[in-house]
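To start, the structure itself, in structure tokens.
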Protein chains: 2
Amino acid sequence: MQIGEASRATGVSAKMIRHYESIGLIPAADRRDSNYRDYGAEDVHRLGFIRRARDLGFSIEEIRDLLHLWGDRGRESRDVKALTLSHIAELDQKIALLGEMRATLSHLAHCCDGDNRPDCPIIESLAGAAPLQHAHRH
Amino acid sequence: MQIGEASRATGVSAKMIRHYESIGLIPAADRRDSNYRDYGAEDVHRLGFIRRARDLGFSIEEIRDLLHLWGDRGRESRDVKALTLSHIAELDQKIALLGEMRATLSHLAHCCDGDNRPDCPIIESLAGAAPLQHAHRH
DNA sequence: CTTGACCTTCCAATGATGGGAAGGTGCATA
DNA sequence: TATGCACCTTCCCATCATTGGAAGGTCAAG
């Protein structure tokens with residue numbers, strides 16, 4: 001199977017498959033006489049694993065860990081669960097931060113008439129006249 | 001005021017102040033004889049505006065729009081409100097996506113015993129045995 | 001034998017920020 | 001005065017995951 005077919009089978013772009021190989025996330029693919037990469041069922045399976053993990057927001061380094069756990073027959077599900085829980089905590093943090101941003105903006109938008117007059121509390125808030133309550137630096 | 005003091009006064013790093021100047025987000029600062037940048041009250045005000053907008057998650061291009069609206073005396077608060085509402089919609093989308101990711105992971109973690117046995121539903125899900133319900137590509 | 005789809009490598013860009021090198025400036029203190 | 005130190009300058013590179021494109025090689029069908 002050429003890289004294009006592997007890409008279509010897994011939803012991972014050919015660009016990214018080559019990239020994952022270059023950073024050592026996946027082993028170097030076999031080559032045909034034409035120097036084209038050649039993929040088998042196991043490679044497709046691994047790429048599918050990677051895509052699903054990325055869809056869940058795992059970083060490349062976390063996926064690298066997961067692949068090791070996946071490939072290790074003696075792995076402890078405890079480790080996998082710990083990695084997952086840590087990821088959930090990260091997601092909670094992001095969600096909370098975005099929620100605060102949204103609340104602040106929503107409050108401002110609600111106070112803003114939205115008509116032609118230039119008295120806009122949103123701009124005034126940003127200008128520093130009334131300090132924002134929910135602002136956070138990142 | 002030198003760039004370091006302007007940085008401390010606004011919470012924007014000196015690196016970023018120079019960067020914002022280089023991309024035209026702020027006008028080129030006055031220079032002293034020493035070629036050091038020189039900032040006044042107006043510059044600090046504008047940098048504070050930028051920092052607050054960034055704290056709220058506005059992108060550089062959105063902030064560029066806001067700065068124009070801010071500087072335009074005849075601005076319509078309608079435009080500012082529209083920009084804010086569009087930003088709220090973006091935030092809602094991100095929050096929803098993260099929420100789905102969290103639900104999927106939480107479900108998996110709940111099903112994962114977390115003991116020594118290698119029967120880990122998290123790994124099995126990622127491996128494709130049981131397709132995830134909440135997976136999204138981005 | 002040409003066309004077009006596919007593949008290869010390499011280089012560069014995205015967005016926001018940080019790190020650091022190499023060198024100039026300004027001020028206080030020994 | 002000299003030395004040190006904090007500050008400034010420009011320039012290049014790194015991050016992270018991904019995309020785009022250029023320049024060129026390979027393969028199948030028409």
Side-chain angles (χ1 to χ4, degrees), chain A residues 1-26 28-39 43 47 49-67 87 90-91 94 97-98 101 135-138, chain B residues 1-26 28-39 43 47 49-67 87 90-91 94 97-98 101 135-138:
Chain A
M1 182 189 309
Q2 293 187 161
I3 200 172
E5 196 181 341
S7 169
R8 282 184 292 273
T10 61
V12 180
S13 74
K15 283 276 195 190
M16 290 313 298
I17 295 176
R18 295 191 194 98
H19 177 62
Y20 290 154
E21 180 181 315
S22 80
I23 63 175
L25 189 65
I26 55 177
D30 291 338
R31 299 294 185 129
R32 302 188 184 191
D33 291 344
S34 61
N35 196 33
Y36 287 8
R37 288 173 177 80
D38 194 15
Y39 296 93
D43 302 298
L47 285 171
F49 181 101
I50 292 172
R51 189 186 61 71
R52 278 182 288 273
R54 280 221 47 72
D55 283 348
L56 287 174
F58 285 94
S59 74
I60 292 292
E61 291 315 306
E62 284 171 326
I63 294 175
R64 202 186 293 271
D65 291 345
L66 284 172
L67 282 171
H87 193 64
E90 281 174 26
L91 286 180
K94 282 185 193 172
L97 183 61
L98 290 176
M101 287 181 190
H136 283 260
R137 49 207 65 81
H138 36 161
Chain B
M1 182 186 313
Q2 292 186 163
I3 200 172
E5 195 180 340
S7 169
R8 281 184 293 272
T10 60
V12 180
S13 74
K15 281 276 195 190
M16 288 315 297
I17 295 177
R18 295 193 193 96
H19 178 63
Y20 290 156
E21 180 181 315
S22 82
I23 63 175
L25 189 64
I26 56 178
D30 292 337
R31 299 295 185 130
R32 302 188 184 192
D33 293 344
S34 60
N35 196 32
Y36 287 8
R37 287 172 177 82
D38 194 16
Y39 295 93
D43 303 297
L47 286 170
F49 182 101
I50 291 172
R51 190 187 61 70
R52 279 180 287 272
R54 282 223 45 73
D55 284 348
L56 287 174
F58 284 93
S59 75
I60 292 292
E61 291 315 305
E62 284 170 326
I63 293 174
R64 203 186 292 272
D65 290 345
L66 284 171
L67 282 171
H87 193 63
E90 281 175 26
L91 285 180
K94 282 186 194 173
L97 183 60
L98 288 175
M101 286 182 189
H136 282 260
R137 47 208 66 80
H138 36 162

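Convention: sequence-line order gives letters A, B, ...; per-chain numbering from 1.
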How many whole angstroms separate atom [atom1] of [X] from atom [atom2] of [N]?
| X | N | atom1 | atom2 | value |
| --- | --- | --- | --- | --- |
| A:H19 | D:dC16 | NE2 | C1' | 8 Å |
| A:E21 | C:dT9 | CD | C1' | 12 Å |
| A:R31 | C:dC7 | CZ | P | 12 Å |
| B:D33 | C:dT25 | CG | P | 11 Å |
| A:R51 | D:dA17 | CZ | P | 17 Å |
| A:E62 | D:dA17 | CD | P | 9 Å |
| B:N35 | D:dC11 | CG | P | 11 Å |

*With a 4.0 Å heavy-atom cut-off, tell me which residues in residues 1-18 of chain B come close to DNA chain D, sorted by residue number.*
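B:Q2, B:I3, B:G4, B:K15, B:R18, in order of number.
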Looking only at side-chain atoms of [X], point me to the closest of [options].
| X | options | result |
| --- | --- | --- |
| A:R37 | D:dT9, C:dT9, C:dT17 | C:dT9 |
| B:R54 | D:dC8, C:dA16, D:dT10 | C:dA16 |
| A:Y36 | D:dT10, D:dG25, C:dA16 | D:dG25 |

*What heavy-atom pair brings B:I26 and B:I17 nearest, and what distance separates the two atoms?*
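Closest approach of B:I26 to B:I17, heavy atoms only: CD1-O, 3.6 Å.
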*In chain order, what residues pass the side chain to side chain contact (heavy atoms under 4.5 Å, CB included) check against A:R18, with sequence neighbours excluded?*
A:I3, A:A14, A:R37
*Name all residues meeting the salt bridge (Lys or Arg N to Asp or Glu O under 4.0 Å) criterion together with A:D38; count only those two or more places apart in sequence or in a different chain, and write none if there are none.*
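Here the qualifying residues are A:R32.
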